[in-house]
Amino acid sequence: AVSGSVAGWYFAKDKSTVGASTILMSIFRLVRYHLGTIAFGSLVIAIIQLIRIILKTLEHMAKSQTGENSRAAKLITLIVGCIDCCLACFERCMKYISVNAYIETAIYGYNFCKAAAKAFQLLTSNALRVAAINSVGTFVLFLGKIVVVLLTLLIAVQIMEVKTETEFVDHSWAPILISVVFAFITVHSFISIYSITIDTIFLCFCEDCNRNNGLDRPYYMSKGLMEFAENSKKALEALEKRKEHEEDTEKQIMIQSNEDISSRLSID
């Protein structure tokens, strides 16, 4: 729903038309058309996790039968460890691709497989941009979490110090710990929305760059994003020309309407 709303805002020619209706339509499309896509993506991750659990169970059973220090147990541990490491890397990749596949589904309505292939193609063709966004964006969002949690901790400590001066409080660390935990959960929820928004805008930006050139096919992106696109100078110049043309057209319409009004008054 968040990705659909952000994509609707990004690809809207007139940003002022974006409002609550965009969010409601995104939620409706999610519930009506894309619940199966979400379930399929979750199933893929669940299958990988199930395979990892089965491998760990088999490893434990093999150790119990052959002994902890036997050569067979060590060999099984080595083989299972290598396979589990590969599956863990594959699971992380699938989680990352699944998130971007959901964004592609929210933008275009693709099924999961087509959306995952499209997302993988966009991410590989913009690998440097992906690295920059992930490194800087992840650090900034993590820093935001740390700042909120630390501020909550300081405020909670100050409140408890004031309380302990006026009345006896047993285990004052308990309410401080609870407030810090709730602060982390809350800020994590809000930061997750920002993270999804950043990823959605990035994929929309990549789609915009692939489908348009800023000249005969104008970009949907803002002026700030145009600086990072190809043909940025030409695109900005074309945007300025289009704005000047629209302003001239509006002026001509106003002049024509005023002349029509004055002509009618003179006839009357």
Co-membership, hydrophobic cluster, residues [X] and [Y], 4.5 Å side-chain:
X	Y	answer
Val136	Ile196	no
Met25	Tyr108	no
Val2	Tyr110	yes
Leu151	Ile159	no
Ile176	Phe182	no

*What orientation do Tyr33 and Phe28 show, parallel under 30°, tilted 30 to 60°, or perpendicular over 60°?*
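Perpendicular: the ring planes of Tyr33 and Phe28 meet at over 60°.
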
*Heavy-atom check, side chain of Leu30 versus side chain of Tyr102, under 4.5 Å*: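 No, too far: nothing below the 4.5 Å cut-off.
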
_Side-chain touch Lys56/Glu59, heavy atoms, less than 4.5 angstrom_ =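 Yes - at least one pair of side-chain heavy atoms lies under 4.5 Å apart.
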
*Is the side chain of Ser192 donor-acceptor paired with the backbone N or O of His188 at a distance under 3.5 Å, no angle test?*
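Yes, because the side chain of Ser192 sits within donor-acceptor range (under 3.5 Å) of the backbone of His188.
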
Assess whether atom [atom1] of [X] is packed by more than 12 heavy atoms of other residues, nucleotides or ligands within 6.0 Å.
X	atom1	result
Phe120	CZ	no
Phe90	CZ	no
Phe190	CZ	no
Lys114	NZ	no

So how far is it from [X] [atom1] to [Y] [atom2], rounded to the nearest 0.5 Å?
X	Y	atom1	atom2	answer
Thr197	Ile103	OG1	CD1	9.0 Å
Phe202	Leu122	CZ	CG	8.0 Å
Leu43	Ser98	CG	OG	10.5 Å
Ile53	Asp84	CD1	CG	10.5 Å
Ile83	Ile51	CD1	CD1	10.5 Å
Thr105	Asn100	OG1	CG	10.5 Å

I need the minimum non-hydrogen distance between [X] and [Y], along with the two atoms involved.
X	Y	result
Glu104	Leu203	OE2-CD1, 4.2 Å
Ser26	Ser5	OG-N, 3.4 Å
Gly4	Ala106	N-CB, 3.5 Å
Ile45	Met94	CD1-CB, 3.6 Å
Ile201	Trp9	CD1-CZ3, 4.3 Å
Gly8	Thr22	CA-CG2, 4.3 Å

*I would like to know whether Leu55 and Leu87 meet side chain to side chain contact (heavy atoms under 4.5 Å, CB included); could you show each step before the answer?*
CA-CA 10 Å; Leu55 285 175; Leu87 287 174; 3.6 Å; yes

*Test Ile107 against Cys204 for side chain to side chain contact (heavy atoms under 4.5 Å, CB included), laying out the working first.*
CA-CA 8 Å; Ile107 296 173; Cys204 291; 3.7 Å; yes

*If you measure only the distance, is there a donor-acceptor pair under 3.5 Å linking the side chains of Thr200 and Ser3?*
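Yes, a side-chain donor-acceptor pair sits under 3.5 Å.
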
*How would you list, by chain and number, every residue that makes a ring-ring contact (aromatic ring centres under 6.0 Å, His included) with Phe40, sequence neighbours excluded?*
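Result, ring-ring contact (aromatic ring centres under 6.0 Å, His included) vs Phe40: Phe112.
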
